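Before any comments, here is the structure.
What's counted below: heavy atoms across the whole structure, side chains too, no hydrogens, waters or symmetry copies. In what follows, residues are counted from 1 in the order of the sequence shown. These numbers were taken from a predicted model, which means no experiment stands behind them.
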Amino acid sequence: MQNNDVQIISVKINVQKITPFEADGIVYHADTCLPLVDAVERRKVKFKALARYTYPGERLDNNTLGLNSIGYWDANEPQDWGLDWHRNEGIEIHFLESGYMPYSQEKKEIELQPNDLTITRPWEAHKVGDPYVGVGKFYWVILDLGVRRPHQNWVWPEWIILAPKDLLRLTTILRHNEDVRLRSNKHVRNCFQRIGRAVDTDEDGSNSSLIRLLVNELLVLLLDLLDSENMELNEELTDSSRSVKLFLNELEKNLAETWTIEKMADSAGVGLTRFTHHCKNLTNLTPMRYLMLRRLNMAKEILLNNNDFSVAEVAFSCGFSTSQYFSTVFKKHENCTPIEYRLKKQEVV
């Protein structure tokens with residue numbers, strides 16, 4: 001039986017544009033949480049949030065710049081929607097007050113239980129639901145720290161008032177440890193509950209001071225929680241070589257991009273010389289040669305799996321500027337033309 005007490009809350013999506021973040025050959029747009037918006041409109045879930053840019057919710061004002069989204073959803077019946085893989089424009093803290101929640105971060109799949117807390121950094125892909133979200137009350141806070149890559153220095157909003165040594169300690173732990181889940185306590189739970197009430201009662205920024213205070217309190221509690229875990233820190237997580245490795249790992253997802261060395265280095269967030277150095281160390285290849293080999297591997301897959309693709313279509317799909325150049329490079333590496341390669345492989349099958 002469907003519960004008719006589910007509350008409908010108007011969900012506003014700001015049409016204001018936010019500059020997309022280009023990383024690993026992929027353009028990441030601000031998450032609009034459209035499946036969540038649709039679920040609210042269908043009376044499936046209660047939702048309340050304050051947000052800016054394209055995040056759904058009532059609009060945050062300039063008193064909380066750096067805070068991109070803060071709020072919760074409350075699902076008291078089985079759901080038929082989920083939030084697929086995405087990245088945020090800041091660090092996101094999730095907290096599950098009740099129920100259960102399928103959750104994945106990078107290659108780790110877990111089921112969150114009540115009082116579980118997660119921390120997601122801008123470069124960490126994550127999804128909520130498998131494929132559907134669970135029942136329960138789920139909170140989040142997203143803070144933009146001006147970074148998109150692991151090696152970049154974090155810049156907290158000016159209204160974050162932790163003592164410098166405490167803020168440095170918190171930043172260090174969050175940068176040098178990427179555990180997915182933390183078990184929180186009653187103090188964290190109480191803080192998120194008060195965040196929920198502050199979001200509920202805010203009218204055009206009337207609770208800005210309270211929200212700033214609560215976010216600061218949450219960070220203090222988070223630092224205490226992290227310190228109590230005696231986490232093992234790994235400084236290699238913030239090395240610039242890791243940012244280059246992340247870029248190279250996902251480069252194949254948009255090989256058709258008109259890449260130059262400069263654009264690749266910029267997307268990885270490092271200088272040209274350092275990018276070239278790290279690429280050579282990681283792959284034993286120069287950046288452009290690595291790119292070309294990845295494109296050739298992609299071309300071979302397309303040739304075998306798409307018989308109706310012409311040589312020109314294969315070339316453009318893989319990022320080669322002309323079919324003639326593609327054919328020349330292909331023959332040099334495979335000792336046959338693209339068409340000959342397709343026919344030869346088909347004969348073997």
Contact summary for [X] and [Y], nearest pair of heavy atoms:
| X | Y | answer |
| --- | --- | --- |
| Pro56 | Val37 | CB-CG2, 3.8 Å |
| Met298 | Cys318 | CG-SG, 3.8 Å |
| His151 | Ala268 | CE1-O, 3.7 Å |
| Ala256 | Ser317 | CB-O, 3.5 Å |
| Leu67 | Arg52 | O-NE, 2.7 Å |
| Leu282 | Ser241 | CD1-O, 3.8 Å |

Are [X] and [Y] close enough that some pair of their side-chain heavy atoms sits under 4.5 Å apart?
| X | Y | answer |
| --- | --- | --- |
| Leu246 | Pro150 | yes |
| Leu222 | Ile119 | yes |
| Asn207 | Thr201 | yes |
| Arg194 | Glu217 | yes |
| Lys48 | Val199 | yes |
| Leu145 | Pro157 | yes |
| Leu225 | Asn185 | yes |
| Val45 | Gln79 | yes |

Does [X] have any ring-ring contact (aromatic ring centres under 6.0 Å, His included) partners at least two apart in sequence or in another chain, and if so, which?
| X | result |
| --- | --- |
| Trp123 | none |
| Tyr341 | Phe330 |
| Trp81 | Trp73 |

How about [X]: does its [atom1] atom have over 12 heavy atoms from other parts shown lying under 6.0 Å from it?
| X | atom1 | result |
| --- | --- | --- |
| Gln324 | CD | no |
| Tyr290 | OH | yes |
| Asn305 | CG | yes |

ask   = Can you tell which of Glu106, His86, Glu178, Gln105 makes a side chain to side chain donor-acceptor pair (under 3.5 Å) with Thr120?
value =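 In the set Glu106, His86, Glu178, Gln105, the residue that makes a side chain to side chain donor-acceptor pair (under 3.5 Å) with Thr120 is Gln105.
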
task = Hey, can you tell me if Phe47 and Trp140 have their rings parallel, tilted or perpendicular (30° and 60° cut-offs)?
result =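 Geometry flag for Trp140 against Phe47: parallel rings.
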
task = Take the angle between the ring planes of Phe320 and Phe326 and call it parallel below 30°, perpendicular above 60°, tilted in between.
result = tilted

task = Classify the side-chain pair His126/Asn88 by whether it contains a donor and acceptor separated by less than 3.5 Å.
result =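 On atom types as modelled, these side chains qualify, holding a pair under 3.5 Å.
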
Within this structure, what is the [atom1]-[atom2] distance for the pair [X] and [Y], rounded to the nearest 0.5 Å?
| X | Y | atom1 | atom2 | value |
| --- | --- | --- | --- | --- |
| Lys44 | Leu36 | NZ | CG | 13.0 Å |
| Ser69 | Leu60 | OG | CG | 7.5 Å |
| Asn297 | Ile302 | CG | CD1 | 11.5 Å |
| Lys345 | Arg342 | NZ | CZ | 14.0 Å |

Any carboxylate oxygen within less than 4.0 angstrom of a Lys/Arg side-chain nitrogen, looking at [X] and [Y]?
| X | Y | answer |
| --- | --- | --- |
| Glu235 | Arg175 | no |
| Glu340 | Lys331 | no |
| Glu229 | Arg183 | no |

ask   = Is it the case that Lys137 places NZ or CZ above or below the six-membered ring of Tyr72, under 6.0 angstrom from the centre and within 45 degrees of the axis?
value = yes

request  = Apply the test salt bridge (charged side-chain N to carboxylate O under 4.0 Å, His left out) to residues Glu89 and Arg148: give CA-CA distance (whole Å), side-chain angles for both, the deciding distance (0.1 Å), then the verdict.
outcome  = CA-CA 7 Å; Glu89 291 67 49; Arg148 298 295 183 269; over 6 Å; no

request  = Can you sort out the partners of Arg289 under side chain to side chain contact (heavy atoms under 4.5 Å, CB included), two or more places apart, ordered by chain and number?
outcome  = Leu285, Thr286, Met292, Leu293, His333

Partners of [X] by salt bridge (Lys or Arg N to Asp or Glu O under 4.0 Å), sequence neighbours excluded?
| X | answer |
| --- | --- |
| Asp80 | Arg42 |
| Glu301 | none |
| Arg121 | Glu124 |
| Asp84 | none |

message = I'd like to know if Trp259 and Tyr325 are part of one continuous hydrophobic network [Ile/Leu/Val/Met/Phe/Trp/Tyr, side-chain heavy atoms within less than 4.5 Å].
response = yes

message = Is there a continuous path of hydrophobic side-chain contacts, each under 4.5 Å between heavy atoms, that joins Phe316 to Leu304?
response = no

request  = Could you work out the complete set of other residues in the hydrophobic cluster of Val155, with links drawn between I, L, V, M, F, W and Y side chains under 4.5 Å apart?
outcome  =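 Taking Ile, Leu, Val, Met, Phe, Trp and Tyr as members, Val155 stands alone, with no cluster partners.
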
request  = Each residue besides Tyr100 in its hydrophobic cluster should be listed here, by chain and number; the cluster joins Ile, Leu, Val, Met, Phe, Trp and Tyr at side-chain heavy-atom distances under 4.5 Å.
outcome  = Val135

query = Knowing that exactly one of Thr118, Ile142, Val141 qualifies, which makes a side chain to side chain contact (heavy atoms under 4.5 Å, CB included) with Glu92?
reply = Ile142

Evaluation steps, side chain to side chain donor-acceptor pair (under 3.5 Å), between His278 and Ser240 = CA-CA 8 Å; His278 287 318; Ser240 57; 2.8 Å; yes

query = Tell me, which pairs form a ring-ring contact (aromatic ring centres under 6.0 Å, His included) where one or both residues lie in residues 176-215, sequence neighbours left out?
reply =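 Non-adjacent pairs meeting ring-ring contact (aromatic ring centres under 6.0 Å, His included): Phe95-Phe192, Tyr139-Phe192.
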
Pair up each side-chain donor or acceptor in residues 163-174 with any protein partner under 3.5 Å, not counting sequence neighbours, and list the distances.
unit_1 : atom_1 : unit_2 : atom_2 : d
Arg169 : NE     : Asp227 : OD1    : 3.0
Arg169 : NH2    : Asp227 : OD1    : 3.0
Thr171 : OG1    : Trp156 : NE1    : 2.8
Thr171 : OG1    : Leu167 : O      : 2.7
Thr172 : OG1    : Leu168 : O      : 2.8

